Amino acid sequence: MFPRTRMRRLRSSEAVRALVRETELAVTDLIYPVFVTAGEGVKQPVEAMPGVYRFSVDLLLQHLEEIVALGIPAVIVFGVPQHKDAAATRAYDPEGEVQLAVRAIKEAYPDLLVITDVCLCAYTLDGHCGVTRDGIVLNDETLELLAKTAVSHARAGADMVAPSDMMDGRVGYIRDALDDRGYGHVGILSYAAKYASAFYGPFREAAGSAPRYGDRRAYQMNPANAREAMREIELDIAEGADIVMVKPALAYLDVIRRARETFNVPVAAYNVSGEYALVKAAAERGWVDERAIVLEMLTAIKRAGADMILTYFAPAVARWLREG
Ligand code: PBG
């Protein structure tokens with residue numbers, strides 16, 4: 001009790017604060033999302049995400065030189081396809097945007113971990129994450145296409161695939177497809193607890209993947225539910241997920257914490273496009289200190305229990321951590 005107990009003693013200098021610090025954000029926690037499109041010499045800014053671009057493979061490779069130099073260990077690749085159709089054929093085209101990019105990245109930077117997003121929403125005409133009939137996303141019919149997509153990414157050299165579609169049974173289906181074709185070494189980072197969130201708005205501009213009608217609430221989770229997230233994660237682990245993800249991150253820190261306490265697999269958190277855009281917009285106006293607020297947010301995501309964070313801030317954070 002006060003005055004014998006004084007909490008401020010352990011806050012009184014930088015040295016003692018460093019000693020008692022409980023959570024450390026490191027560059028090795030970061031996964032950097034990148035958007036790749038067709039062509040050459042392409043670097044298109046994403047309007048709602050200042051500092052984020054859609055790159056053609058040549059300029060993406062150039063950009064990744066800095067990412068590797070900063071010590072960021074992993075990227076997750078999203079395709080912005082030239083061609084969409086009802087069967088999402090471009091998603092599993094061996095010469096598709098993602099497949100070409102993965103091949104080129106692994107050749108140029110063999111030690112950079114390459115993860116691919118596996119979903120159909122950027123490839124279907126109606127922008128849903130699976131094939132549809134009469135406006136309904138068909139679960140089991142979609143699994144085959146997701147598996148083909150994942151296998152094509154593995155064939156291109158992906159180290160890990162990340163299904164983000166939220167179809168039931170897709171992790172097991174993809175695991176079997178990979179194993180049957182000799183890709184047992186390719187991991188699965190599952191978007192296990194992915195919520196139907198308004199925080200994905202800017203991403204959908206970047207990937208051109210907004211649904212043309214309706215929304216994703218018939219497959220992504222209700223933001224009101226946390227127990228259900230534990231069921232989703234449990235199922236994905238049983239089906240073979242190596243890492244499970246909670247997405248978005250900041251409004252779901254309780255879900256991250258519960259996942260960390262309930263399961264013994266690594267937990268990833270996705271600091272999504274809307275979380276990025278909010279900070280960027282406020283920082284541009286001088287209303288918040290970008291560096292301080294980003295480091296605080298990402299530290300909080302780790303404190304909640306995330307082992308790794310997918311974030312568009314990865315290069316900036318790597319620079320800030322280096323500066324100390
Ligand atoms: C594809 C996908 C989305 C995101 C990652 N993979 C969008 C969505 O589900 O609509 C969102 C990422 C972000 O907002 O940063 N299904």
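Just follow the structure's listing: the first ligand is 1, and inside any ligand the first atom is 1. Residue numbers run from 1 in the order of the sequence given. All values derive from a computational prediction rather than experimental measurement. Computed from heavy atoms alone, side chains included, the values below leave out hydrogens, waters and symmetry copies.
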Hey, which atoms in ligand 1 end up nearer than 4.0 Å to a heavy atom of Arg216? 8 (C), 9 (O), 10 (O)
Around atom 9 (O) of ligand 1, find the nearest protein heavy atom and jot down its residue, atom name and distance. Lys194 NZ, 2.6 Å
Quick one: does Ser209 get within less than 4.0 Å of ligand 1, heavy atoms only? no
Atom indices of ligand 1 within 4.0 angstrom of Ser164 heavy atoms, with elements: 1 (C), 2 (C), 6 (N), 16 (N)
Atoms of ligand 1 close to Cys121 [distance to a heavy atom under 4.0 angstrom, numbered from 1]: 1 (C), 16 (N)
So, Asp254 and Arg257, do they make that salt bridge, N to O below 4.0 Å? no
I'd like to know if Glu97 and Arg90 make a salt bridge, using a cut-off of under 4.0 Å between side-chain N and carboxylate O. yes
Nearest non-hydrogen atom to atom 3 (C) of ligand 1 belongs to which of Phe203, Tyr200, Tyr276, Tyr191? Phe203
Is the Phe35-Phe203 ring centre distance short of 6.0 angstrom? yes
Do Tyr173 and Glu144 get their side chains close enough for a donor-acceptor pair, meaning under 3.5 Å? yes
List the steps, then state whether side-chain hydrogen bond (donor to acceptor under 3.5 Å, both in side chains) holds for Asp126 with Tyr213. CA-CA 7 Å; Asp126 59 17; Tyr213 58 84; 2.9 Å; yes
Can you tell whether the side chains of Asp165 and Lys194 come within less than 4.0 Å, N to carboxylate O? no
Salt-bridge test for Glu234 and Arg231: reply yes if a basic N is under 4.0 Å from a carboxylate O, no otherwise. no
For Tyr270, the ligand 1 atoms with a heavy-atom partner under 4.0 Å come out as 12 (C), 15 (O)
For ligand 1, which atoms sit closer than 4.0 Å to a heavy atom of Lys247? 2 (C), 3 (C), 4 (C), 5 (C), 6 (N), 11 (C), 12 (C)
Taking heavy atoms and a distance under 4.0 Å, where does Asp117 meet ligand 1: side chain, backbone, both or neither? side chain
